[in-house]
Amino acid sequence: MKTHPRSRAVRTPGGLSVRLDPRALTVVVLLLVAACAAGVALIGTGDAEIPAADVLRTLAGNGTAYQDFIVNELRLPRVLVGLLVGASLGLGGALFQSISRNPLGSPDVLGLSQGSTAGALIVIVLLSGSASQVTVGALAGGLATGLAVYLLAWKQGVHGYRMVLVGIGVNAVMTAVNGYLLTKADLVDAARAVVWMTGSLNGRDWAQVWPLLALCAVLVPLVLVNARGLRMMEMGDDISHALGVRVQWVRLLLMVSAVLLIAAATAAAGPVSFVALTAPQLARRLTRSPGPNLVPSLCMGATLLVAADWASQRAFGADQLPVGVVTGVLGGAYLLWLLVTERRAGRI
């Protein structure tokens with residue numbers, strides 16, 4: 001495997017060797033700073049404006065009772081959900097794009113977001129379920145769709161372009177199913193479903209933070225531990241197998257992890273579009289580093305979503321838009337640019 005010329009090997013006292021790219025590390029640090037700054041700005045945004053200095057003082061436990069209620073009870077959970085959802089979408093998108101070896105191998109294209117939406121709509125429209133039941137439905141829908149894509153794409157292994165083509169077909173089917181479910185809903189349930197389908201962080205509280213945080217605490221380390229195998233798989237299955245990588249096992253493990261991340265993010269905030277598509281590509285262009293760029297993609301996703309949520313509240317005057325509208329507009333423009341670029345390069 002070719003080593004990136006800027007990367008440096010660092011050996012820990014326990015004998016573990018870690019290869020670091022100074023540029024990628026710098027990008028990660030800057031993205032984390034940007035995500036935190038956008039989070040502080042978002043916490044201070046609203047009907048009751050709070051200066052950034054007062055937000056930081058309140059987060060440190062030195063604010064007034066009024067500021068403590070506004071910051072810690074009303075706005076902090078929304079920001080944390082935004083960060084976790086964005087991180088999950090960025091990491092999940094990077095995994096799918098690396099496994100499929102295709103920049104279009106995104107959950108938005110492969111039908112996972114539509115599958116999670118279908119699970120939520122079944123609960124909303126047919127069962128009139130509660131918010132917690134909608135979350136379970138979205139998770140179940142995402143997992144079922146991911147399993148369907150994997151099984152339909154399997155032919156002596158799962159290969160990238162086959163998975164993308166199968167995913168596009170599944171996405172079309174699930175879109176039709178979701179349209180049918182909406183036609184069967186009464187007016188109240190249909191309005192509730194459309195709001196959820198837009199993708200929004202409005203009304204998010206600590207009940208959405210803890211499950212998503214627990215899932216990320218388990219899956220992110222699991223994914224990073226297998227990052228070496230994922231990078232080797234980019235050279236081809238035969239070479240990876242010769243180097244000792246259990247290709248199909250690693251691919252299945254990482255795909256399940258990606259599906260869980262995407263489904264959980266969708267369950268927490270609705271199908272926020274295009275973050276999983278754009279975050280890995282933007283991270284790769286900033287780091288200029290080969291490989292899946294998992295950590296930069298995670299940080300880019302978190303930064304993009306929180307910045308988009310801030311823009312949805314401040315950039316349109318009195319009209320506050322759901323964050324999914326902002327990401328959809330920006331991501332759609334990016335997708336068109338990506339398609340033109342790939343076509344000019346002769347890859348599609």
So [Y] and [X], do their side chains get closer than 4.5 Å, heavy atoms only?
X: Ile50; Y: Arg75; value: yes
X: Leu304; Y: Thr327; value: no
X: Ser116; Y: Leu139; value: no

Over all heavy atoms of both residues, which pair between [X] and [Y] is shortest? Give the atoms and the distance, please.
X: Ser297; Y: Ala279; answer: O-CB, 4.0 Å
X: Asn72; Y: Pro77; answer: O-CD, 3.6 Å
X: Leu219; Y: Ser257; answer: CD1-O, 3.8 Å
X: Leu31; Y: Cys299; answer: CB-CB, 3.8 Å
X: Gly111; Y: Asn171; answer: CA-OD1, 3.4 Å
X: Val259; Y: Gly146; answer: CG2-CA, 4.1 Å

Can you sort out the partners of [X] under side-chain hydrogen bond (donor to acceptor under 3.5 Å, both in side chains), two or more places apart, ordered by chain and number?
X: Asn178; answer: Gln114
X: Thr198; answer: none
X: Asp205; answer: none

Within the distance-only criterion (no hydrogens, no angle test), does the side chain of [X] pair as donor or acceptor with the backbone N or O of [Y] below 3.5 angstrom?
X: Arg204; Y: Arg78; answer: no
X: Thr183; Y: Tyr180; answer: yes
X: Gln281; Y: Thr278; answer: no

Are [X] and [Y] in one and the same hydrophobic cluster, where Ile, Leu, Val, Met, Phe, Trp and Tyr link if side-chain heavy atoms are under 4.5 Å apart?
X: Leu222; Y: Leu298; value: yes
X: Trp206; Y: Phe69; value: yes
X: Leu95; Y: Val28; value: yes
X: Tyr66; Y: Leu74; value: yes
X: Leu181; Y: Val136; value: no

With distance as the sole criterion, is a donor-acceptor pair present between the side chains of Asp68 and Thr58 under 3.5 Å?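 Side-chain D/A pair, Asp68 to Thr58: absent.
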Run Leu143 and Leu147 through side-chain contact (heavy atoms from CB on, under 4.5 Å) and show every step you take. CA-CA 6 Å; Leu143 288 172; Leu147 179 62; over 6 Å; no
About how many Å separate [atom2] of [Y] and [atom1] of [X], when rounded to the nearest 0.5 Å?
X: Ile122; Y: Thr117; atom1: CD1; atom2: OG1; answer: 11.0 Å
X: Leu89; Y: Phe274; atom1: CG; atom2: CZ; answer: 12.5 Å
X: Leu213; Y: Leu80; atom1: CG; atom2: CG; answer: 8.5 Å
X: Phe96; Y: Leu277; atom1: CZ; atom2: CG; answer: 13.0 Å
X: Asn293; Y: Gln97; atom1: CG; atom2: CD; answer: 10.5 Å
X: Leu76; Y: Ile43; atom1: CG; atom2: CD1; answer: 5.0 Å

If you apply the rule side-chain contact (heavy atoms from CB on, under 4.5 Å), what do you find for Leu294 with Leu91, and how did you get there? CA-CA 6 Å; Leu294 297 180; Leu91 181 57; 3.9 Å; yes
Should the heavy atoms of other residues, nucleotides or ligands under 6.0 Å from CH2 of Trp210 be counted, would the total exceed 12?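 Atom CH2 in Trp210 is not packed in, count stays at 12 or less.
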Between Ser273 and Ser113, does the side-chain contact (heavy atoms from CB on, under 4.5 Å) criterion hold? Intermediate values first, please. CA-CA 8 Å; Ser273 57; Ser113 297; over 6 Å; no
Among Leu83, Leu201, Val323, Val85, find the residue that satisfies the side-chain contact (heavy atoms from CB on, under 4.5 Å) test when tested with Val306.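 The single option meeting the side-chain contact (heavy atoms from CB on, under 4.5 Å) with Val306 is Leu83.
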side-chain contact (heavy atoms from CB on, under 4.5 Å) with Pro296: which of Leu286, Leu282, Thr287?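 So, applying the side-chain contact (heavy atoms from CB on, under 4.5 Å) to Pro296 and each of Leu286, Leu282, Thr287, only Thr287 qualifies.
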Go through the steps to decide whether Val275 and Val272 satisfy the test side-chain contact (heavy atoms from CB on, under 4.5 Å), and finish with yes or no. CA-CA 7 Å; Val275 173; Val272 180; 4.1 Å; yes
